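Along the sequence shown, residues carry numbers from 1. From a predicted model like this one, the values you see are computed outputs, not experimental measurements.
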Amino acid sequence: MSNGTRVLVLNAGSSSVKYQLIDMLDGSRLASGLVERIGEAGGRLVHAPRGGVKREAEQVYPDHGAALKAVAEELTADGIGLDSPELAAIGHRVVHGGKRFTAPTLITDEVLTEIRRLIPLAPLHNPANITGIEVARELRPDLPQVAVFDTAFHANMPEYAARYAIDKAVADEHQVRRYGFHGTSHQYVSRATAALLGKDPAEVNVIVLHLGNGGSASAVAGGVCVDTSMGLTPLEGLVMGTRSGDVDPGVVFHLHRVGGLSIDEIDDLLNRRSGLLGLCGDNDMREIMRRAEDGDADAGLAFDTYIHRLRKYIGGYYAVLGRVDAIAFTAGVGENAAPVRAAAMAGLEELGIAVDAELNAVRSGEARVISPECSRVTVAVVPTDEELEIAQQTFALVGAAS
Ligand SMILES: Nc1ncnc2c1ncn2[C@@H]1O[C@H](COP(=O)(O)OP(=O)(O)O)[C@@H](O)[C@H]1O
Ligand SMILES: CC(=O)OP(=O)(O)O
Ligand SMILES: [Mg+2]
């Protein structure tokens with residue numbers, strides 16, 4: 001066991017790796033960056049060392065192994081390489097933990113096999129997470145590697161929220177239930193929201209709206225998740241960048257039987273060519289708002305559809321919680337798109353929800369309240385920090401094990 005105080009966090013996506021090296025003594029970032037377009041012609045690495053100049057490299061990174069080796073070289077060049085004795089552990093975001101993994105887990109061969117077995121439940125995410133783990137273990141076989149699962153925070157949802165109303169025996173045989181995702185973010189943001197209110201998480205009920213490229217909502221009662229919008233896979237729920245969110249399962253049968261699409265084609269359609277992209281050809285909310293402002297009908301409808309779905313979940317979770325103390329907007333869209341927040345909260349004064357236009361327009365990286373004093377429910381923008389949460393959970397596990 002090392003005496004190090006640093007944790008390297010890896011968030012490996014299908015074609016990218018995001019990373020942060022965090023000093024757990026004060027939570028400061030020694031370095032952060034990303035490699036994107038892995039396996040494509042124009043790969044790009046951006047590395048930002050603390051207090052130093054950001055470095056960018058454009059080259060081909062044929063696979064995740066090459067990308068992680070390039071990251072390791074950048075860290076070494078800053079004197080904070082993977083061979084550093086100060087490194088205590090590597091923490092990995094793993095999207096699907098299934099029924100078994102409901103807490104941060106020290107990665108062994110057997111754990112890795114189990115994460116591999118879960119690939120069919122998160123085909124866009126788990127394979128990349130596994131590659132990240134394999135390469136990191138190759139680079140530092142002696143170092144503890146910890147998996148922090150997106151599903152973990154949702155593992156204690158009441159059974160009636162986790163169940164689909166389908167034949168119980170079939171569901172159980174195939175592990176078909178609602179797992180939920182983005183849990184690390186929902187956990188971090190619900191706690192940070194309680195802190196913003198000056199309260200203990202156990203005292204507050206919060207609706208967290210994680211609106212990034214993927215998006216999900218959750219209802220958190222006294223620090224415990226009681227419902228969330230994603231399900232068996234990260235496809236259910238909100239309208240997302242490229243994912244449809246909720247559709248009648250009959251759509252799948254219809255497209256297969258009548259439309260002649262194969263199951264793989266429908267999978268691709270709903271996961272990669274739907275959502276905002278499918279509705280208007282763009283998946284970046286900035287571009288959609290700009291187009292809608294210019295009177296583009298498709299972009300306007302995409303925006304309205306996105307907002308309508310979001311409001312249905314807000315209303316639903318209000319009823320689930322009974323009493324709502326705060327609504328927190330987070331992730332790329334939630335933190336930056338004031339018009340999305342305004343539209344999602346419009347006309348809800350009867351529910352004790354209001355947004356102050358001036359406060360909503362403020363741009364800041366800090367957690368902040370955007371509702372007026374008179375609002376019974378506090379509406380807030382609370383930047384997420386999945387990497388810090390992963391680092392803390394990793395460090396806590398490694399510390400506890402030593
Ligand atoms: N200033 C902004 N205004 C509106 N949307 C923004 C802004 N900045 C980023 N976004 C949105 O945030 C999304 C990315 O969010 P992020 O949380 O980084 O996603 P992910 O982690 O899923 O890649 C982008 O698709 C973009 O639409
Ligand atoms: C689980 C999930 O949807 O993650 P992301 O938003 O990173 O795609
Ligand atoms: Mg994200």
R29 and Q20: side-chain donor and acceptor closer than 3.5 Å? yes

Taking everything shown except E366 itself, do over 12 heavy atoms lie less than 6.0 Å from its CD? no

If the plane angle is over 60° it's perpendicular, under 30° parallel, otherwise tilted; pick one for H210 and H186. tilted

Decide yes or no on side chain to side chain donor-acceptor pair (under 3.5 Å) for S28 and D26, but give the supporting numbers first. CA-CA 5 Å; S28 66; D26 58 4; 2.8 Å; yes

Give a yes or no on whether E56 atom CD has more than 12 heavy-atom contacts from other residues, nucleotides or ligands under 6.0 Å away. yes

If we ignore hydrogens and angles and just use 3.5 Å, is the side chain of S375 paired with the main-chain N or O of T378 as donor and acceptor? no

Under a 4.0 Å N-O cut-off, is there an ion pair linking R290 with D282? no

With a 6.0 Å cut-off (strictly less than), is the heavy-atom count around CD of E293, excluding the residue itself, greater than 12? no

Distance-only polar pair, side chains of E74 and Y19, donor-acceptor under 3.5 Å: no

Between the side chains of R93 and E387, is the shortest nitrogen-to-carboxylate-oxygen separation below 4.0 Å, so that they form an ion pair? no

So does E358 have more than 12 non-hydrogen atoms from other groups sitting under 6.0 Å from CD? no

With side chain to side chain contact (heavy atoms under 4.5 Å, CB included) as the criterion, how do V94 and I133 come out once you've worked through the C-alpha distance, each side chain's angles and the decisive distance to 0.1 Å? CA-CA 9 Å; V94 179; I133 292 169; 4.0 Å; yes

One pair to check against salt bridge (charged side-chain N to carboxylate O under 4.0 Å, His left out): D227 and R178. What are the steps and the verdict? CA-CA 9 Å; D227 203 353; R178 307 189 58 256; 3.1 Å; yes

If you look at every heavy atom in H154 and Y179, which pair is closest and at what distance? CB-O, 3.1 Å

Charged N-O contact under 4.0 Å between R137 and E134: no

Pick one: which of S218, S216, S229 meets side-chain hydrogen bond (donor to acceptor under 3.5 Å, both in side chains) with H182? S216

Just checking, any donor-acceptor pair under 3.5 angstrom between side chains of H125 and D150? no

Pairing of D298 and R291 as salt bridge, 4.0 angstrom limit: no

Does atom CZ of R272 have more than 12 heavy-atom neighbours from other groups under 6.0 Å away? no

With a 3.5 Å cut-off and no angle check, do the side chains of Y313 and D246 form a donor-acceptor pair? yes

Quick one: do H96 and F101 satisfy ring pair (Phe, Tyr, Trp, His ring centres under 6.0 Å)? Show the steps, please. CA-CA 9 Å; H96 215 310; F101 298 116; over 10 Å; no

Between the CZ atom in R50 and the CD1 atom in I22, the distance rounded to the nearest 0.5 Å is 11.5 Å

